[in-house]
Amino acid sequence: MPEEKKKKIVFLVGPTGIGKSAVAIILAKKINAEIVSCDSIAVYRKMDIIASKATPGQRKKIKHHLLDVVSPAQEYNVAKYRKGALAICDKLFLKGKVPLFVGGSGLYYSIIIDGLFPHVPQDKSIRAKLNRQLETKGSKYLYKRLTKIDPAAAKKIHPNDARRIIRALEVYLKTGKQISMLQKNRSGLGKEHELNVFGLNLKRPALYRRVDARVNQMFRLGLINEVKRLLKHKLSKTAACAIGINELNGYFNGLYPQDEAKRLIQRNSRHYAKRQLTWFRKDKRIQWIDINKADSPAQVSLKIWKKLFL
RNA sequence: GCCGAGAUAGCUCAGUGGUAGAGCGCGGCCCUGAAAAGGCCGGCGUGGGGGGUCCGAUUCCCUCUCUCGGCA
């Protein structure tokens, strides 16, 4: 039975602030796993509080991968993530360990499970040119070009979505191939492995209360100083989009008081959580675990464990 | 107690004799090399209670309740 030989991979996803990390550590011990972070911000060093990374104490209990792998000055993206994550999976399989992916970055998750179409990395000069055209002629102009070059891609992309229009044009200009064709060619771990995907969720008001509370906690832990330190150096544009950077920068520049910065961070985090839920909701592979306030991380991880082995 | 202002969406408020909008908030969605990013869609409403005028009232009139100012 080849089915039996498939290697097991476990995913734990869900919106920010739901308590994935604590559950993951307990679960990892039970199933002989190591944790692979699936978080686009936690990859950055020196962004500990802002990314709510696992603490040194937690990392001592269970090994965490893909935390602190790049400096905040470096750009990071899905392709780098995928490369790193696949390498770690291989290592873990050799050790007989189960990879336990934990995080809320939906695209990163899907790139691991379903794959990424073959390498067409970004091209700085093509992008610069397209961005200039975006400024002078607007996204509608670029969209029209895309309509001619790759109608299928254009159909999927909204005329205002400049970022995706540019990427589609970039791929074509660089390879002469349509992104809509290339995108059909993807293969991820889902094909060769036994996937077990769990999602944590809470009723919306309770989730939002948790998100707000976690932002308060981040302030207590020293978010302001952490961001102040980060802003002393040049941040890559991918690191700079972490929620909290921009909001606090406005406060540092005297645009509004500190409370307003906090309010904005809380609001943007709630919006983010909502978008994450939209992303994950449509993935039918996810087995949802509804947690209520009373559930401890241990209870939640037990529920997952039961689903894994019963 | 008297005088004045107000009571409309979750919040702050606009407007109109033909059953209502704005901003923020909130909800839904899209997503393949920036993804904690970027983009799209949606008004979510017993217009404070009751009565009157009118073909028709959220809009005009009366009254009650409440809120906020001012005077006592």
Side-chain angles (χ1 to χ4, degrees), chain A residues 14-17 37-44 47 49-53 70 72 74-84 103-124 126-127 131 134 139-140 142-143 150 152-153 155-171 174-175 178-188 204-205 207-208 211-212 214-215 218 227 235-248 260 263-283:
Chain A
T16 181
S37 164
C38 184
D39 186 309
S40 62
I41 300 300
V43 295
Y44 291 105
M47 296 179 71
I49 299 168
I50 199 170
S52 295
K53 278 181 214 160
V70 287
Q74 286 175 276
E75 297 212 343
Y76 199 78
N77 60 41
V78 278
K80 289 184 185 174
Y81 176 76
R82 178 171 151 86
K83 198 174 164 195
S105 294
L107 180 62
Y108 284 19
Y109 156 79
S110 110
I111 290 298
I112 295 301
I113 284 206
D114 296 317
L116 179 70
F117 76 82
H119 7 269
V120 184
Q122 59 168 286
D123 182 303
K124 283 229 160 103
I126 292 177
R127 264 195 201 195
N131 272 310
L134 174 66
S139 74
K140 298 281 192 303
L142 292 177
Y143 186 73
D150 185 350
K155 208 175 166 190
K156 269 180 67 181
I157 301 172
H158 187 96
N160 290 345
D161 197 348
R163 214 169 270 191
R164 291 203 169 72
I165 296 169
I166 287 179
R167 160 101 271 236
L169 289 172
E170 171 188 58
V171 167
K174 198 166 177 189
T175 64
Q178 299 174 324
I179 193 171
S180 60
M181 294 306 293
L182 295 173
Q183 281 176 342
K184 288 178 183 160
N185 182 11
R186 70 191 301 204
S187 106
R204 201 62 65 88
L207 172 63
Y208 284 178
V211 170
D212 288 348
R214 196 173 72 161
V215 173
M218 285 160 65
V227 173
L235 287 177
S236 70
K237 75 183 170 207
T238 47
C241 69
I243 294 173
I245 302 281
N246 226 332
E247 295 86 343
L248 279 171
E260 176 63 4
R263 210 207 98 232
L264 291 171
I265 292 172
Q266 289 175 323
R267 185 201 59 188
N268 293 341
S269 299
R270 291 193 300 267
H271 289 348
Y272 172 47
K274 179 169 148 21
R275 260 180 287 130
Q276 288 175 299
L277 286 170
T278 299
W279 180 286
F280 290 125
R281 208 158 23 211
K282 71 182 172 193
D283 191 325

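Bear in mind the structure is a predicted one, so any value in this text is a computation, not a measurement. We name chains A, B, ... by the order of the sequence lines, and we start the count at 1 in each one.
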If you look at every heavy atom in A/S180 and A/K184, which pair is closest and at what distance?
O-CG, 3.7 Å

Among the nucleotides B/G33, B/A37, B/G25, which one has an atom lying closest to any side-chain atom of A/R263?
B/G25

Determine whether a donor-acceptor pair (N or O, by modelled atom type, separation under 3.5 Å) exists between the side chain of A/T238 and the backbone of A/Y76.
yes

Among B/G28, B/C31, B/C26, the nucleotide that comes nearest once only the side chain of A/R267 is considered
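For the A/R267 side chain, the nearest candidate turns out to be B/C26.
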
Sugar-phosphate, base or nothing in reach of A/Y143, heavy atoms under 4.0 Å:
nothing

Take atom P in B/G45 and the same atom in B/G21, then report the distance between them in whole Å.
15 Å

Flag, side chain of A/R82 to backbone of A/I111, donor-acceptor distance under 3.5 Å
yes

To the nearest angstrom, the CG-C1' distance between A/L107 and B/C30 comes to 13 Å

To the nearest 0.5 Å, what is the distance between CZ (A/F280) and NZ (A/K282)?
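Going from the CZ atom of A/F280 to the NZ atom of A/K282 covers 10.5 Å.
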
Say you draw a straight line from CZ of A/R164 to OG of A/S139; how long is it, rounded to the nearest 0.5 Å?
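Those atoms lie 13.5 Å apart.
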
Please give me the minimum heavy-atom distance between A/F117 and A/L182, naming the atom from each residue.
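In terms of heavy atoms, the two residues are closest at CB-O, 3.2 Å.
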
From B/G33, B/C26, B/A34, pick the nucleotide closest to the side chain of A/T238?
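From the listed options, B/A34 comes nearest.
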
Between A/F117 and A/H271, which is nearer to the 5' end of RNA chain B once each is assigned its nearest nucleotide?
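Nearest-nucleotide comparison on RNA chain B picks A/H271.
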
Between A/K53 (side chain only) and A/Y44 (backbone N and O only), is there a donor and an acceptor less than 3.5 Å apart?
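Yes, the answer is positive, given that a donor and an acceptor are paired below the 3.5 Å cut-off.
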
Pairwise C1' distance, B/C41 and B/G51 [rounded to whole Å]
43 Å

Please state the P separation for the pair B/A20 and B/G48 - nearest whole angstrom.
15 Å

Detail all sub-3.5 Å separations between protein N/O atoms and N/O atoms belonging to nucleotides 43-45 of chain B.
none

Integer-rounded Å distance: B/A35 P and A/N77 CG
7 Å

How many whole angstroms separate atom CZ of A/F280 from atom C1' of B/C29?
16 Å

If the C1' atom of B/C62 is compared with that of B/C26, how far apart are they to the nearest Å?
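39 Å, rounded to whole Å.
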
Distance between P atoms of B/C71 and B/C13 (Å, rounded):
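23 Å, rounded to whole Å.
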
Could you write out each protein N or O paired with an N or O of nucleotides 39-42 of chain B at a distance under 3.5 Å?
from	atom 1	to	atom 2	distance (Å)
B/C40	OP1	A/N160	ND2	2.8

How many whole angstroms separate atom OH of A/Y76 from atom C1' of B/A37?
16 Å

Closest to the A/V78 side chain, choosing from B/C31, B/G33, B/U32:
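Looking only at heavy atoms from C-beta outward on A/V78, the closest nucleotide is B/G33.
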
To the nearest 0.5 Å, what is the distance between CD (A/Q122) and CD1 (A/I166)?
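CD1 of A/I166 is found 11.5 Å from CD of A/Q122.
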
Mind checking the C1' distance from B/U19 to B/A9? Whole angstroms is fine.
15 Å

If you pin A/K80 and A/C241 to their nearest nucleotides in RNA chain B, which one's is more 5'?
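Comparing both residues, the 5'-ward one is A/K80.
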
Using the P atom in both, what is the distance from B/A7 to B/C60, to the nearest Å?
10 Å

Looking at CZ of A/R167 and CZ of A/R163, how far apart are the two atoms once the value is rounded to the nearest 0.5 Å?
13.0 Å

Rounded C1' spacing from B/G6 to B/U12 in Å:
14 Å

Base-paired stems in RNA chain B, each at least three Watson-Crick or G-U pairs under 3.5 Å:
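Stem list for RNA chain B: B:1-7 with B:65-71, B:10-13 with B:21-24, B:26-30 with B:38-42, B:48-52 with B:60-64.
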
Quick one: do the A/T16 and A/R214 side chains pair a donor with an acceptor below 3.5 Å?
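Per modelled atom types, A/T16 and A/R214 side chains form a pair under 3.5 Å.
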
Tell me, do A/Y208 and A/Q266 make a side-chain contact under 4.5 Å, heavy atoms counted?
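Result no, sub-4.5 Å side-chain heavy-atom pair not found.
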
On the 0 to 90° scale, with breaks at 30° and 60°, tag the A/Y81-A/Y108 ring pair as parallel, tilted or perpendicular.
parallel

Residue pair A/I165 / A/H158: nearest heavy atoms and the distance that separates them
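Closest heavy-atom pair between A/I165 and A/H158: CD1-O, 3.8 Å.
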
